[in-house]
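Naming: A, B, ... by sequence-line order, numbering from 1 per chain.
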Amino acid sequence: MINITLPDGGIKQFEAPVSGLEIANAISPRLAKEVLSITVNGEVLDLTRKIDSDATIKLNKWDDQEGKHAFWHSSAHLLAEAIEALYPDTKFGIGPTIENGFYYDVDLPAGKVITENDLEIIEKKMLELARQKNDIVREVVSKAEALKRFTEKNDPYKLELISELEDGTITLYHQGNFTDLCRGPHLPNTEHIKAIKLLSVAGAYWRGNEKNKMLTRVYGISFPKAKLLEEYLVLLEEAKKRDHRKIGKEMDLFTFSQAVGMGLPLWMPKGAQLREQLELFLKKVQKNFGYEQVITPHIGDVNLYKTSGHYEKYGKDSFQVIHTPQEGEEYLLKPMNCPHHCEIYKARPHSYKDLPIRYAEFGTVYRYEMSGELHGLTRVRGFTQDDAHIFCTHDQLKDEFKKVIDIIFIIFKALDFKNFTAQISLRDPKNTEKYIGSDENWEKAERAIIEASAEKGLITVTETGEAAFYGPKLDFMVKDAVGRSWQLGTIQVDYNLPERFELEYTGADNQKHRPVMIHRAPFGSMERFVAVLIEHTAGKFPLWLTPEQVVVMPISEKFNDYARKVSNILNISDIRTVVDDRNEKIGRKIRDNELKRIPYLLIVGEKEAESELVSVRRQGEGDQGTMSLNEFADFISNEVKQQLNSIYK
RNA sequence: GCUGAUGUAGCUCAGGGGUAGAGCACUUCCUUGGUAAGGAAGAGGUCAUGGGUUCAAUUCCCAUUAUCAGCUCCA
C-alpha cells in the first residue's frame, strides 16, 4: 500500500502501482471524466503513468494550467495526425502549446500548400480522428531505436531533435496511426477533444533561425466543450473591436498615407489633441520631479553618431545619410536623442553640486524598421519618445532610479494599466567581454536596479544576458487587446555614452569624474503608448484625456449664437468643446458615432439662452439637470480633478 | 527581410472577360422645435500601380507596391 496525499492534505491509500486515472476514479467517476493530467511531486505526468511509491499529487482539470497544457499538447498531436492523413509524406517540426492554444510546424511535400481555406478541412479531419477515441500511448525508447524509427519515416527535423537528446530520456507517443517524438504529458485519450478551431496559417523558420527552411505553421485552439470554443471566439471578436487601428480610424485619431510612406503616422486633430494631453500631463509630473525641457533638432552630423557608436552598429541598416550641397558634409536623421542631450550636458562645465541633471524632450526619432515589422502605431519608422536623460553620480543612481519608477507608477495608475510586467535585464556574467564598463560599475548598477525595484515593491522577472551592451535596464511591458506584449516604459543605465562623449563633472575633491547616465521613457513612445491606451480603454478615455469632452447642441439655428458663446466660455476654462451645427447651413454637423464618444452633451434653447444656462446630459447616464455655465465648468473640472487626484494617492 | 492572404466610393464590404454595386458617411432640399432625430434627391471610382494575354481586362497571368497574420528583428 502507498499513501497518496491530495491537495487538501487528505491521504488516501492505494495498492501500488496506481495510475492518476485510477485515483480520480476512486474519488469520483465524474472527476475521472474531467481530469486531464496529474501532478506528482511537482512533476506533471500522464494520467496513465503508474505511481509506485508515496506521493503528493494534484489532479489537473481544464481550469488548471497543467490541464490545459496537456489538452492543447495532445491537440497539437491530433493536428499533426490529421495533416499526415490529408498530406502524406509531410515532415514534422515541433508542435508545442502556447498561451492560448497550440501550433504545429510542418514541412509539406513539394508542391503542396495549406491555405486558410484548407483549415476547415483539417479541422473536420481532426474531429473525425478525435471521435475514434484512440488511446494516447507513451513508449520509452532508446536513442538508437528512436533514430531508426524516424529514419524510416525520413523525417530530418525529428532526427535533428533526437540527435540532441540524451539516451534514456527519449519517449514517443502513439495515437491511432500517428507517432510523435514527445516528452509529454498527454491526455489518456483523444476523446476529450470536442471542439477545435484552426485559427491561422503562417510561415515560421525551423528553430527560429532565418537561415533555415521556412516551415508552415498552423495555429489552433481546442476545448473540451463546444460552448467554451464559442465563448473564446466571441472574446476574440471583442478583442478585434478594440484594435487601435480600427478605433483610430473610427475616431479620426491618426492615419497613414502611402504618399507619405510606410510606418509614418499622420496625427489628425483629435489624435493630436489626445497626444497633447498626455504630453502636458507628463510634463507636469516631470516638472515636479526636477526635469528641465530641452529641444534638439531632428538631424545630426554623421560624426555625432560615429562618436556615440550608433552609426557603426546600425548605420547600414537604417535611413541613409543626408547629403548637402557641401561636398563631404553628411547628416543623419536622429535614431535617438541621447547624443544630442550629451552635447547639451557637455556645453558647460558641471559641479557635483549640479547633479543630478535631468534633460527631458519629446524627441521624434526615425528608425528603419524592416517592412514586415510595421504594425499600426505600435511599430513605426518615425516616432516620438518621451525621452529624458539623467546625469548623476554613482551614489545618486539608485535614488534617481527609484524616482523614475515613481513616475512610471503615476502614469500607469493614471491610465489604469494594472496588468504590466516589469523585466530586469542584466548582463550575462559568463560573457562579460560583450559589455562595456568595469565590473565594479556593472555590479553597482545592477544592484541599484534590483534594490530600487525591490524597495518600490515592484514584482519583477529577471532576464540574464538581456542587458543592453552599455548597461542594465528595467522595462515595463503591457499587453494589447489580442495579448501581444509591447514594451512601453524603459529605464536604462548607461556607462557607454558618458565615456564616449567624455562627459565630466568636478567632484568635491576638485577632480574630474564621469557621471552615470540614465535613459528613460515612461511612455516608451507616444505612438505605441496611445495604441495600447486605445486598446485598453476601447476608445473610452478618461475625461481628462478625451479629445472632445463636450458637444454643445442648439435645438434650432436660432440658438446657434448662444451655443457658440457657451463653447467659447467653456474653452476659456480649458474644457474642450465642439459645437454641433446641424441646424445651420454653414458649419459642421457632428456625426452620430462621433457624438457617442463625447461624454457630455449640452442642449441649449430658449430657456437656456435667456438665463445663461445649459441642460446637461452625460453619455449613458441621461439628464443631469440644468445648470449655469460656471456651475457646469466647476462640475466638469471637479470630475477631472477627482480622476487626477486619485492618481497621486 | 521571409511565408501566406488581401487591396473595388470617405468607411464597411458585395460583384464579376463586354456602361461599376449596397449600407453608412457626404452635398442639397424638405420635415422635425427640447432632439444623441426622419424623408427625398444628388454627388462621389483610371476597381492599388505597371506590364502581358484578349476584338475587349476592374475581372485571367506576371511584376511592383501597400496593408493584414505569423516568423525573424527591435539602438
_I need the full list of salt bridge (Lys or Arg N to Asp or Glu O under 4.0 Å) pairs touching residues 515-534 of chain A, with sequence neighbours left out, sorted by first then second residue._
A:Arg275-A:Glu527
*Do you see a donor-acceptor pair shorter than 3.5 Å between the side chains of A:Thr296 and A:Glu361?*
yes
*asked:* Checking side-chain contact (heavy atoms from CB on, under 4.5 Å) between A:His244 and each of A:Thr378, A:Val532, A:Leu533, which is the one that passes?
replied: A:Thr378
*Span that lies between the P atom of B:rG39 and that of B:rG21, in whole angstrom*: 24 Å
*How many Å lie between CG on A:Leu108 and P on B:rU3, as a whole number?*
15 Å
*Using atom CG of A:Asn212 as one end and atom C1' of B:rG1 as the other, report the distance to the nearest whole Å.*
15 Å
*Where does B:rU6 land, syn or anti, given syn is within 90° of 0?*
anti
*Measure from CD on A:Glu250 to C1' on B:rG10 and round the result to the nearest Å.*
14 Å
Within the sub-3.5 Å range, which N or O atoms of nucleotides 11-14 of chain B have a protein N or O partner, and how far apart are they?
| residue | atom | partner | partner atom | Å |
| --- | --- | --- | --- | --- |
| B:rU12 | OP1 | A:Lys249 | NZ | 3.2 |

*Report the secondary structure of RNA chain B in dot-bracket form, marking unpaired bases with a dot and bases paired to a different strand with |, and treating Watson-Crick or G-U pairs with both distances under 3.5 Å as paired.*
(((((((..((((....[..)))).(((((.......))))).....(((((..]....))))))))))))....
*asked:* In whole Å, measure the gap between the C1' atoms of B:rA14 and B:rU27 for me.
replied: 25 Å
*Pairing of A:Glu238 and A:Arg242 as salt bridge, 4.0 angstrom limit*: no
*Of A:Ile114 and A:Arg617, the one whose closest RNA chain B nucleotide lies more 5'*: A:Ile114
_Can you measure A:Lys211 atom NZ to B:rG1 atom C1' for me and round it to whole angstrom units?_
12 Å
*Provide the distance between the two C1' atoms, one in B:rU3 and one in B:rU59, to the nearest whole Å.*
26 Å
*Looking only at atom C1', what distance separates B:rG4 and B:rC74, rounded to whole Å?*
23 Å
_Nearest-Å distance once atom P is located in both B:rA57 and B:rG17_ = 14 Å
_Give me the distance, rounded to whole Å, that separates B:rA37 from B:rU32 when you measure between the C1' atoms they each carry._
8 Å
*asked:* So, using ring pair (Phe, Tyr, Trp, His ring centres under 6.0 Å) as the criterion, who are the partners of A:Phe559 when residues are at least two apart?
replied: none
*Check ion pair A:Arg379-A:Glu369 (N to O, under 4.0 angstrom)*: yes
*Hey, does A:Gln619 reach any base, or is it just sugar-phosphate, or nothing, if we go heavy atoms under 4.0 Å?*
base
*For nucleotides B:rG70 and B:rA25, find the distance between their C1' atoms and express it as a whole number of Å.*
34 Å
*Nucleotide by nucleotide, 5' to 3', does protein get under 4.0 Å of the base (B), only the sugar-phosphate (S), or neither (-) in nucleotides 66-75 of chain B, counting heavy atoms?*
SSSSBBBBBB
_Mind checking if A:Ser308 touches a base, just sugar-phosphate, or nothing, with heavy atoms under 4.0 Å?_
nothing
_Distance-only side-chain donor-acceptor flag, A:Asp480 / A:Trp486, under 3.5 Å_ = yes
*For the pair A:Asn496 and A:Asp494, evaluate side chain to side chain donor-acceptor pair (under 3.5 Å) and give the outcome as yes or no after the intermediate values.*
CA-CA 6 Å; A:Asn496 178 35; A:Asp494 186 356; 4.8 Å; no
*Are A:Thr421 and A:Lys479 close enough that a side-chain donor and a side-chain acceptor fall under 3.5 Å?*
no
_Considering only residues two or more places apart or on different chains, which pairs with a residue in residues 253-265 of chain A satisfy side chain to side chain donor-acceptor pair (under 3.5 Å)?_
none
*Taking the six-membered ring of A:Tyr368, is NZ or CZ of A:Arg381 closer than 6.0 Å to its centre and within 45° of its axis?*
yes
*Using a heavy-atom cut-off of under 4.0 Å over every strand shown, decide if A:Leu215 touches base, sugar-phosphate, or nothing.*
nothing
*Do the ring planes of A:His389 and A:Phe391 sit parallel (below 30°), tilted (30 to 60°) or perpendicular (above 60°)?*
tilted
*If you measure from the C1' atom in B:rG23 to the same atom in B:rG18, how many Å do you get, rounded?*
28 Å
